[in-house]
Amino acid sequence: MSLRLYNTLSGGKEEFVPLRPGHVGMYVCGVTVYDYCHIGHARANIVFDIIYRYLQFAGYDVTYVRNYTDVDDKIINRANERGIDSNALAEEFIRAFDEDMDALGLKKPTIEPKATLHIKQIITLVQRLIACGRAYASGGDVYYAVENFPDYLKLSKRNMDEMRAGARIAPGELKRHPMDFALWKTAKAGEPAWESPWGAGRPGWHIECSAMSMQYLGETFDIHGGGKDLVFPHHENEIAQSEGATGKPFVKYWLHNGFVNVNHEKMSKSLGNFFTIRDILKTYDAEVLRFFILTAHYRSPIDFSDQNLDEARLGLSRFYQALAGADAFLQQAQDKSAGPEREEIAELRERACTLESRFKEAMDDDFNTALVIGHFFDLVRALNRVTAIPEFASDRAALAAVTAARAGMVQLGNVLGLFVSDPQTWLEKQKHAGLGETGLSAEAIEELISARQSARANRDFARSDQIRDELAAKGILLLDSAQGTTWKRK
RNA sequence: GGCUCCGUCGCCAAGUGGUAAGGCAGAGGUCUGCAAAACCUCCAUCAUCAGUUCGAAUCUGAUCGGAGCCUCCA
């Protein structure tokens, strides 16, 4: 079984064959740093984070490049609004981006290049495009001549006639064709500028990705990713720039993640219906957000809502509870004896043994994380079946199966960035996280629990149930067990 | 208008030709003083219609509904 992935270029799933056996070059468009990141960015970065992790898990040596676009019209405009230097603004949001990605538990890419540190490479690339007739200088600008690149629009599968209707030439632009796009822009007063053969100016959007991917991954590389909205114009233009200059295929596999919707509508800055990552993380655990995103296939749209996030929280808790249950079970392990194997144990052993092959099969099919999570849920049920029976704590086969199941779940879950915390710690954190809204402190709850315990000891069940109901009304559930009473929030 | 994509149980969501995973919610049961948690059992023929096929949620056509791109956007 080998990895198959959906390639936007071909419009279908293809077997993944890297250019160099054992190695993968992957470039993912990062952000233009002029504002805080929203959940859409979170999704894109989490999706490619798990692709990065899975490729490594599958044994590839992966070079993952994710850029910062730190020079751009939007940055300049925002900096002007705030009356600060555009470079300072970019640095501020690069820091914010790093903090957010870190909070989301993302692995660091191999290389995180900044556009402004690659101006020389950009200028060289633009010169190369002019030299081979693909671009032209006009005033202090340089434009890409799309009509000279026959493959233009092969990624987004459109044709020039359709596109022409919507294309406009903005005032001041000196294009030959409405679809031509800027490779280099002449600098106006007060704008960041670098010396170039065409005078002081700055790179257009798109060219930085061609230049930086070429620098770190070569003229042809394996995987290029980003959100669906980058297919046109950004990635289309990257192809034009890179292939126009080198005459070689730019990228073998194009991967695009679906949008995050709010109320079934695309979340976007222009609609104003977006949530920033840092706002979301005030309410929801980062791993809950990741779990939520991974419950849907990466190419499908996903609807962001409190209900869906709460469901994700519930789902993830189920895993951590099962893991905590397994830990408690293993701690009680006594002298191991081998008896006739029971059905529950046989099922768990079977599930634990086949987990990795199921995991791989699902992930190899275009990163089907939703199916993987389904497999994990199956394992949890089998695991709970065993750990719910105390006698099994002295059964050698049960202990082996529980140990294997727990280890497998954590090991494979970690490939998706899931189950990375200590179960008890995570559950404790979740317990306390929502207490603010209830108006209760952990101490107050503990006091009520002991009051209820004395009532129960006196068989005063009316009083005992009253306490439980009051807590339940505030979202606190009590869990009685042989070891005493604990609580969690609903 | 052009080009894409989508429509699977109350909700979320896999499945893209071989007879519908999983989670949440719900019903019944075991456990419990009663509950909760956990476990057991139950719970869909896949928007509609017409085709292709031995066989379709999966392919084709039409219809209805939703979304995206064509302008900055993950």
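Every chain is numbered from 1 and lettered A, B, ... according to where its sequence line falls, protein lines coming before strand lines. Just so it is clear, the structure is predicted and the values come from calculations on it, not from any experiment.
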Show your working on side-chain hydrogen bond (donor to acceptor under 3.5 Å, both in side chains) between A/Asn45 and A/Arg66 and close with a plain yes or no.
CA-CA 9 Å; A/Asn45 283 288; A/Arg66 184 184 61 202; 3.3 Å; yes
Does [N] have a Watson-Crick or wobble mate here (both distances under 3.5 Å), and if so which one?
N: B/rG55; answer: none
N: B/rC24; answer: B/rG10
N: B/rU30; answer: B/rA38
N: B/rC69; answer: B/rG2
N: B/rC43; answer: none
N: B/rG17; answer: none
N: B/rC49; answer: B/rG61

When we call it a touch if two heavy atoms are under 4.0 Å apart, what does A/Leu478 touch: a base, just sugar-phosphate, or nothing?
base
Quick one: label A/Phe377 by what it contacts on the DNA or RNA (base, sugar-phosphate, nothing), any heavy atom closer than 4.0 Å.
sugar-phosphate
Could you check whether A/Phe419 and A/Phe376 have their ring centres less than 6.0 Å apart?
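They qualify: ring centres under 6.0 Å apart.
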Answer with yes or no after comparing the ring centroid distance for A/Phe250 and A/Phe221 against a 6.0 Å cut-off, counting only values under it.
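For A/Phe250 and A/Phe221, the ring centres are under 6.0 Å apart.
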When the [atom1] atoms of [M] and [N] are compared, how many Å lie between them, rounded to an integer?
N: B/rU58; M: B/rU8; atom1: C1'; result: 11 Å
N: B/rA57; M: B/rU48; atom1: P; result: 11 Å
N: B/rA56; M: B/rC3; atom1: P; result: 31 Å
N: B/rC46; M: B/rU19; atom1: C1'; result: 13 Å

Phosphate oxygens OP1/OP2 of [N]: is one of them under 4.0 Å from a side-chain N or O of [X]?
X: A/Arg456; N: B/rG33; answer: no
X: A/Arg313; N: B/rC24; answer: no
X: A/Arg489; N: B/rA36; answer: no

Rounding to a whole Å, what distance do you find between [X]:[atom1] and [N]:[atom2]?
X: A/Asp480; N: B/rA36; atom1: CG; atom2: P; answer: 11 Å
X: A/Phe291; N: B/rG22; atom1: CZ; atom2: P; answer: 15 Å
X: A/Arg459; N: B/rU32; atom1: CZ; atom2: C1'; answer: 12 Å

With no hydrogens and no angle check, is any side-chain donor or acceptor of A/Asn257 less than 3.5 Å from a backbone partner on A/Arg299?
no
Listed nucleotide nearest any side-chain atom of [X], set [options]:
X: A/Arg385; options: B/rC40, B/rC70, B/rG23; result: B/rC40
X: A/Arg452; options: B/rA38, B/rG33, B/rA36; result: B/rG33
X: A/Asp378; options: B/rA38, B/rG33, B/rA21; result: B/rA21
X: A/Arg381; options: B/rC40, B/rA37, B/rG2; result: B/rC40

Between the side chains of A/Asp285 and A/Arg290, is the shortest nitrogen-to-carboxylate-oxygen separation below 4.0 Å, so that they form an ion pair?
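Salt bridge between A/Arg290 and A/Asp285, a charged N being under 4.0 Å from a carboxylate O: no.
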Give me the distances for all protein-to-nucleotides 72-74 of chain B N/O pairs that come in under 3.5 Å?
residue	atom	partner	partner atom	Å
B/rC72	O2'	A/Lys74	NZ	2.7
B/rC73	O2	A/Lys266	NZ	3.3
B/rC73	N3	A/Lys266	NZ	2.8
B/rA74	OP1	A/His41	NE2	2.6
B/rA74	O2'	A/Gly227	N	2.3
B/rA74	N6	A/Met267	O	2.6
B/rA74	N1	A/Val260	N	2.9
B/rA74	N3	A/Gly40	O	3.2

Would A/Tyr34 and A/Phe93 count as a ring pair (Phe, Tyr, Trp, His ring centres under 6.0 Å) if you check the C-alpha gap in whole Å, the side-chain angles of each, and the deciding distance to 0.1 Å?
CA-CA 6 Å; A/Tyr34 72 104; A/Phe93 286 108; 7.7 Å; no
Should the pair A/Tyr144 and A/Phe181 be assigned to parallel (<30°), tilted (30 to 60°) or perpendicular (>60°) ring geometry?
parallel
Write out a two-atom table: protein N or O, nucleotide N or O from nucleotides 11-17 of chain B, distance below 3.5 Å.
residue	atom	partner	partner atom	Å
B/rC11	O2'	A/Gln307	NE2	3.0
B/rA14	OP1	A/His297	N	2.6
B/rA14	O3'	A/Asn368	ND2	2.9
B/rG15	OP1	A/Asn368	ND2	3.0

From CA spacing to verdict: side chain to side chain contact (heavy atoms under 4.5 Å, CB included), A/Leu255, A/Phe48
CA-CA 9 Å; A/Leu255 270 45; A/Phe48 288 102; 3.9 Å; yes
Give me each pair satisfying salt bridge (Lys or Arg N to Asp or Glu O under 4.0 Å) with a member in residues 373-386 of chain A, each pair once, sequence neighbours excluded.
A/Glu343-A/Arg385, A/Glu347-A/Arg381, A/Glu347-A/Arg385, A/Arg351-A/Asp378
